[in-house]
Amino acid sequence: MRFTFLLPSDDLTGGNRVVATYAKNLIARGHQVTVVCNAPDRISLREQLRALGVGQWRALRDRMQLKPGHVALSGVPLKVLERARPFTADDLPDADVLIATWWETAVWMHSMPPSKGRKVHLIQDYEVWTGGDIRSAVHAALRLPNHKIVISNELKRTLETEVGDIAVTVVPNAVDLLQFDAPSRDRAEAPTVGFMYGKTPRKAADLYAHACELARLQLPNFQVLAFGADLPTNKLPLPTGTEFFLRPPQTELASIYARCDAWLFGSRIDSFGLPILEAMACRTPVIAVPVGAATDLIAGGGGVLVPRESPQAMADAIVRLCTQAAQDWKQMSDCAHATAHGYSWKDATQKLLGVVQVA
């Protein structure tokens, strides 16, 4: 079969990693895959001058230095448009299946002729978090006639609550079990936790910092690891003494996860939460808020759930995991590994094929 994926842009977000992974798995099964995406937004001269005027030259430099995204890094066939604009039929190859991955791409997909493929909307988030008055536009896109796939039961419930009765099929994300794995281990001698840093409020870096500082009051030799695509800022600092990895190579992520006794997930908005699964695959229990797929993933015993927006509850969980009996931590670590390794991208790709073949 011939597949075309429509992306708004190629970057290092989790959603793009999902698309790249599906594309690679489909190609491995003998299918033809093309990913079409927009060019990155250009930074206007006015934006450049404004950034320089307020001393944000480092942020400006990072934006202007284009970096390859997950699709480009994967080696999957990728067509990048000459500028950011709506897709037209001339931009796309003929295919059997056409998959939109963002609400705007679903709108553009709607006008495509049948020769471009059966229309499928891979919904990876309730995409009203970008700001502005887009809620009605997002809802209209979600109501367009096509077959809809969502990546978690929590996202399905959110769409049913916010949008109404739209038929969706749940195909959960998985994790690359070759990339994310670790041998059985005991808890570290020095209590160590980790998290993913991001500057946007939805990534909850402030929550992690507060929780870690509270936990440090009770844990001697407390250590913190973090990685992310954004440099930490003075307004949103890391906990004291954090070992930070800026855009680490994908091959190093498993070792970062595996150095931790617990991984923190406190995102304020997230439809799945791939770091949960990645950490668990590396035998690291996760302390998570009930957002995205956290509730489903942790139900098997590979971590603990804590209330949203409670640094104290997260800190208490850190202390509990880092001081409980060694065999109890080991059991939680093994449960995390079993959960993550019980469902692969091969399984997810097979479910995706089952959906699109009847779409």
Side-chain angles (χ1 to χ4, degrees), residues 9 11-17 40-41 43 47-48 50-67 69 125 127-132 191-217 219 222-248 252-253 256-257 259-260 262-276 278-279 284 286-292 294 306-319:
S9 63
D11 53 33
L12 294 175
T13 59
N16 279 21
R17 181 187 290 179
D41 290 331
I43 304 173
E47 288 179 297
Q48 295 179 43
R50 183 184 300 117
L52 292 173
V54 296
Q56 296 295 320
W57 62 271
R58 287 185 177 177
L60 176 64
R61 180 194 61 191
D62 289 344
R63 286 187 63 191
M64 296 184 72
Q65 292 177 343
L66 300 180
K67 303 173 181 66
D125 208 341
E127 297 156 343
V128 299
W129 47 262
T130 54
T192 305
V193 302
F195 61 86
M196 181 179 289
Y197 177 90
K199 291 189 297 185
T200 60
R202 67 196 295 259
K203 295 300 184 181
D206 57 324
L207 173 65
Y208 302 140
H210 193 179
C212 288
E213 297 297 357
L214 290 171
R216 191 186 304 277
L217 299 175
L219 295 173
F222 184 63
Q223 298 182 6
V224 183
L225 308 180
F227 70 84
D230 299 324
L231 279 170
T233 66
N234 292 332
K235 290 184 177 180
L236 199 61
L238 292 166
T240 304
T242 298
E243 184 177 356
F244 180 70
F245 303 85
L246 178 65
R247 302 187 190 93
E252 294 181 8
L253 292 181
I256 296 173
Y257 284 123
R259 288 176 58 188
C260 298
W263 193 261
L264 308 182
F265 177 80
S267 290
R268 295 181 170 99
I269 304 173
D270 206 311
S271 58
F272 191 84
L274 279 175
I276 302 173
E278 293 170 355
T284 302
V286 176
I287 299 170
V289 298
V291 170
V306 296
R308 303 186 192 198
E309 301 297 337
S310 176
Q312 187 63 62
M314 185 169 281
D316 290 343
I318 292 171
V319 173

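- Closest approach of A315 to A211, counting heavy atoms only: CB-O, 3.4 Å.
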Set out, in order, the CA-CA distance, both residues' side-chain angles and the distance that settles side-chain contact (heavy atoms from CB on, under 4.5 Å) for V306 and V289, then state yes or no. CA-CA 5 Å; V306 296; V289 298; 4.2 Å; yes
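- Evaluation of the salt bridge (charged side-chain N to carboxylate O under 4.0 Å, His left out) rule for R268 yields D206, E309 as partners, not counting sequence neighbours.
- Annotation for G266 and M314: closest pair CA-CE, 4.3 Å, computed over non-hydrogen atoms.
- Take Y208 and apply the ring pair (Phe, Tyr, Trp, His ring centres under 6.0 Å) test, not counting sequence neighbours, and it matches F195.
- Looking only at distances, no side-chain donor or acceptor of S267 sits under 3.5 Å from a matching main-chain atom of D270.
- Atoms SG and CD1, from C260 and I287 in turn, are 10.5 Å apart once rounded to the nearest 0.5 Å.
- Side-chain contact check for L264 versus C212: some heavy-atom pair is nearer than 4.5 Å.
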Take I318 and L214 through the side-chain contact (heavy atoms from CB on, under 4.5 Å) test and state the conclusion after the steps. CA-CA 10 Å; I318 292 171; L214 290 171; over 6 Å; no
Could you go step by step and tell me if F245 and L253 meet the side-chain contact (heavy atoms from CB on, under 4.5 Å) rule? CA-CA 10 Å; F245 303 85; L253 292 181; over 6 Å; no
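- Shown here are the side-chain hydrogen bond (donor to acceptor under 3.5 Å, both in side chains) partners of Y197, two or more places apart in sequence or in another chain: there are none.
- Taking 4.5 Å as the limit, every side-chain heavy atom of L217 sits out of range of all side-chain heavy atoms of F222.
- One distance of note links CZ of R259 with CD of E243; it measures 4.0 Å at 0.5 Å rounding.
- For the residue pair N16 and S9, the shortest heavy atom distance occurs at ND2-O, 2.8 Å.
- Here the CZ atom belonging to R216 is positioned 9.5 Å from the CD atom belonging to Q223, to the nearest 0.5 angstrom.
- With sequence neighbours excluded, the residues satisfying side-chain contact (heavy atoms from CB on, under 4.5 Å) with V319 are A215, Q218, L219, T323.
- Looking at every heavy atom in both residues, V291 comes nearest to F265 through O-CE2, 3.7 Å.
- T13 meets the side-chain hydrogen bond (donor to acceptor under 3.5 Å, both in side chains) test with D11; sequence neighbours excluded.
- Evaluation of the ring pair (Phe, Tyr, Trp, His ring centres under 6.0 Å) rule for F227 yields Y257, W263 as partners, not counting sequence neighbours.
- Note: L12 CG to R247 CZ = 7.5 Å, rounded to the nearest 0.5 Å.
- Applying the side-chain hydrogen bond (donor to acceptor under 3.5 Å, both in side chains) criterion to D316, with sequence neighbours excluded, gives Q312.
- By the side-chain contact (heavy atoms from CB on, under 4.5 Å) test, D125 is found to be paired with E127, W129, R202, I269, S271, residues two or more places apart in sequence or in another chain being considered.
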Would you be so kind as to tabulate the donor-acceptor pairs closer than 3.5 Å made by side chains of residues 230-240, with sequence neighbours excluded?
| residue | atom | partner | partner atom | Å |
| --- | --- | --- | --- | --- |
| D230 | OD2 | K199 | N | 3.1 |
| T233 | OG1 | L236 | N | 3.0 |
| T240 | OG1 | E213 | OE2 | 3.3 |

